[in-house]
Amino acid sequence: MAGQGQAGNSGMEQLILIMNKLQDACSSSGTAHKFDLPQIAVVGSQSAGKSSVLENFVGKDFLPRGSGIVTRRPLILQLLYNPSAEYAEFGHQRGRKYTNFEEVRQEIEAETDRLTGRNKGISNVPIMLRVFSPHVLNLTLVDLPGMTKVAVGDQPPDIEVQIRNMLLEFITKENCLILAVSPANSDLANSDALKLAKEVDPAGTRTIGVITKLDLMDQGTDAREVLENKLLPLRRGYIGVVNRSQKDIEGRKDIKAAMAAERKFFLSHPSYRHMAERMGTPYLQRCLNQQLTNHIRETLPSLRSELQTKLLAMEKDYQAYANFSPDDPSIKTKAMMTMINQFTDEFTQSIEGSGEVSTKELSGGARINRIFHERFMYMLHQTESDERELRKEISYTIRNVHGIRTGLFTPDMAFERIVKQQIMRLKEPTLKCVDMVIEELINVVHKCTQQMASYPRLREAVETTVTNRIREQETRAKTQLMLLVDIQLAYMNTNHEDFIGFANAQQRTESTRKERVANQVIRKGYLTLNNVSLMRGGSKECWFVLTAESLMWFKDEEEREKKYMLPLDGLKIRDGESRGLFGKKNVFMLFHSEGRNTYKDYKTLELAAESADEVDSWKASFLRAGVLSERESRETDELGEDPTDSDGPGQQPDSLRDRQVEIIRSLVSSYFQICVSEHKDLFPKIVVHLLVNCPEQDLGSTDPQMERQVETIRNLVESYMKIVDKTQRDIVPKTVIHIVVNELKDFLKSSMLAQLYGGYDQNQLMEESPEEAQRREETLRIYKATKEALKILSDVSANTTHTPTPPPVKDDWIQPDSMPAPQPPTHGRRTPVGGGPPSQPPPVAGRPAVPSRPAPSVPRPGGAGAPGGQLPPPMVPQRPTSGTPPIPSRPNMG
């Protein structure tokens, strides 16, 4: 039987064998190398008879049986014709032959439980099983779990979805034929297998129908129309089989006897005896063998292209593994030197940016550069003292230097003490900068050693050696940088060309004080401006800002839109009354003493407030800004005093002076209250509250000479620290690069290999990890199998025996009332499976032969009839007569 099936198509049969080898390699290698190989996947619902069909192919009971989900992992079943012996072999137990097929069943169950457990869970990792037998044809099938609706036992609630996803993972591939198994004793229109196949193969080019349990149909019913491909037709048609019943299986009925009973059933049944030669398990096996070989033949171009692509992708790994021998010391030495050189080059390229440049993130040298010019600069900025804290420190230092004396000059010692303190703060960010660079270098080393993952001991040794070297250079770099800081502390070079000097610092102090007084804001608030024309309302409320030099007003308190700025030079203030229809308001006016216009064309600027108290408050604020009232101005003139004299009221007041006056006034008032009320303990408490508990910076600011000294030293410190910071920002990156990075690159190129040879055993370093050894073997096996498959593909003759895919069947052949309502099929008629014209079975002894029923004659194009009177049905596209014989028509049953 097997020999006859292979005789006419030996090239294709050889291709099936090499496909099996390639599939074996793919299955053992997991997900690393997967090809879309031509195969047949068996799908169907639970208890549809899938396992019985496969056991009939082999002629042995070897598949697990029971209730619920029995097949919980895909089983890749390779049937291999072997005329001399019959045995089975698992892909995960290479070399072990099973002659007892009961042990095969037990091993399938054990291997399934090993991965999925005993809770009826499923897994998409396949089990590879090869069966060598003289009773099989070369064939590869994938037995998939049966479709179910309800979870059983400890199964997850979504078991239906999991099984469906697993089935789709296999049958959605274009190179996979679908063997849809459906029981005859259930409604074929509701077949889960056909429904799923329809989803992924709507054209029906990959689906083969199998009808089981024909002997269990109700009396008076049959599946003749289905098997004749009239009901729910498929392009590849249907094949009926009769499996052993549950009673036969429990009674250990021999499969050979069951197949003889199957043959007798089809020959004796009145509905099936005319097609008995195209029914049964032997015919199904021959049909699948022919369909698979034909399918491989059709997919040769795409398969060859895919295999060539995979071969090129594996070429680099194959070249690395092909000449490698784990036991050859010379090869180990060469491989070790190669990997060390690759590591050195990759590390250097990562630091210098000359290798593969990432477009997603910073790496290597770019990250170190960011540490120098962003992180380090930010840390230096954080060391700068707060302005208030710095002034307080300077004030304390000046007082401590003076001791009990009252200093007349700014002490140099205070400047030196403050500068040294600031320089000492540079040590911490400098050390942190080195730590961050070291950490980044170690990360680069770890990334570059990933190529050594196949040799974990070598990788560990390289990382340890390089890391130790980095740590040694880290110590050197930190020592050198701390020495540079100590050098800065050793001598204050006040003759530096960039240093501001004492005279310039004092000059800057005076200009800063004047600028601060000039820009001092005295008061803010809303006032009504009456110098507005009646056409615009006669008045307008604005936001006024009074400083020591000017009066500005804005649209609102956000101070974005400035309306006007009025200088205070020469201005005076007096009370006034508004004129108009709205009666008397609280108004005051600003005017020039020389009679000039004050605001635009107005001699006076009239401003109004909500209350008299608010007007008095504004007038007091103007007085602080040096704007005298008209009455005070006259009194001053009568006394012959100059308002601009430093001791006169024309002097611009200072907020600090106001606080001092207020403190003195409070003390005097408190003293008199004590004297009157005889509260002798109140005066000390007031003194403590006003003098001791008040902010220290306010106390320090009460002495103008101290303020000038503090400001002068602050300017000197700021100037000198700019010089030191500039030097530190320049010297730290240079020192780290020179001592750590450049020295490490020299070490990798000159000394690391010698240290590895001297400190480690080479044989131990080059020991492969178990995963790498397995990967190497699988890569070599897959590469060789792929190359051999390409060779076989190139040797396959285009003239090998081949039956094309049957054409679509015609929809008008289908009876409308026999179609399922939800999904009427759209396929046409089919060619009988096997590719040739249907032939009448030979007469069986004891019964007459089935008479032939000729169809009406339909002329072919050109007026010539088909040979032998066999004509195609209407509306079917014609094919050349030089190829496949013409398709016979079926008689009109109407």
Say whether [X] and [Y], considering side chains only, have a donor N or O and an acceptor N or O under 3.5 Å apart.
{"X": "Q382", "Y": "Y378", "value": "yes"}
{"X": "T449", "Y": "R459", "value": "yes"}
{"X": "T464", "Y": "T467", "value": "no"}

Centroid separation F544 to Y526 less than 6.0 Å: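 No, the ring centres sit 6.0 Å or more apart.
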Can we call the ring centroids of Y564 and W553 under 6.0 Å apart?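 Yes, they do, as the ring centres are separated by less than 6.0 Å.
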Can you list every pair that meets salt bridge (Lys or Arg N to Asp or Glu O under 4.0 Å) and has a residue in residues 733-753, with sequence neighbours left out?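 Qualifying pairs: E352-K745, R469-E743, D730-K734.
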Under 3.5 Å, side chain of T344 to main-chain N/O of I340, donor-acceptor pair present?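 Confirmed, T344 side chain pairs with I340 backbone.
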Examine distances only and state if a side-chain atom of S719 and a backbone atom of N715 form a donor-acceptor pair shorter than 3.5 Å.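 No; zero donor-acceptor contacts below 3.5 Å.
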Under the side-chain contact (heavy atoms from CB on, under 4.5 Å) test, which residues partner Q342, sequence neighbours left out?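 So Q342 forms a side-chain contact (heavy atoms from CB on, under 4.5 Å) with T338, Q451.
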Could you check R523 against S617 for side-chain hydrogen bond (donor to acceptor under 3.5 Å, both in side chains), going step by step and ending with a plain yes or no? CA-CA 10 Å; R523 186 182 179 90; S617 178; 2.7 Å; yes
Salt bridge between [X] and [Y], side-chain N to carboxylate O under 4.0 Å?
{"X": "R476", "Y": "E472", "value": "no"}
{"X": "R457", "Y": "E460", "value": "no"}
{"X": "K524", "Y": "E559", "value": "yes"}
{"X": "D486", "Y": "K427", "value": "yes"}

Whether Y720 and F415 hold their rings parallel, tilted or perpendicular, with breakpoints at 30° and 60°: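 Perpendicular: the ring planes of Y720 and F415 meet at over 60°.
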Other residues, nucleotides and ligands only: do more than 12 of their heavy atoms fall within 6.0 Å of NE2 on H373?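 More than 12 within 6.0 Å, yes.
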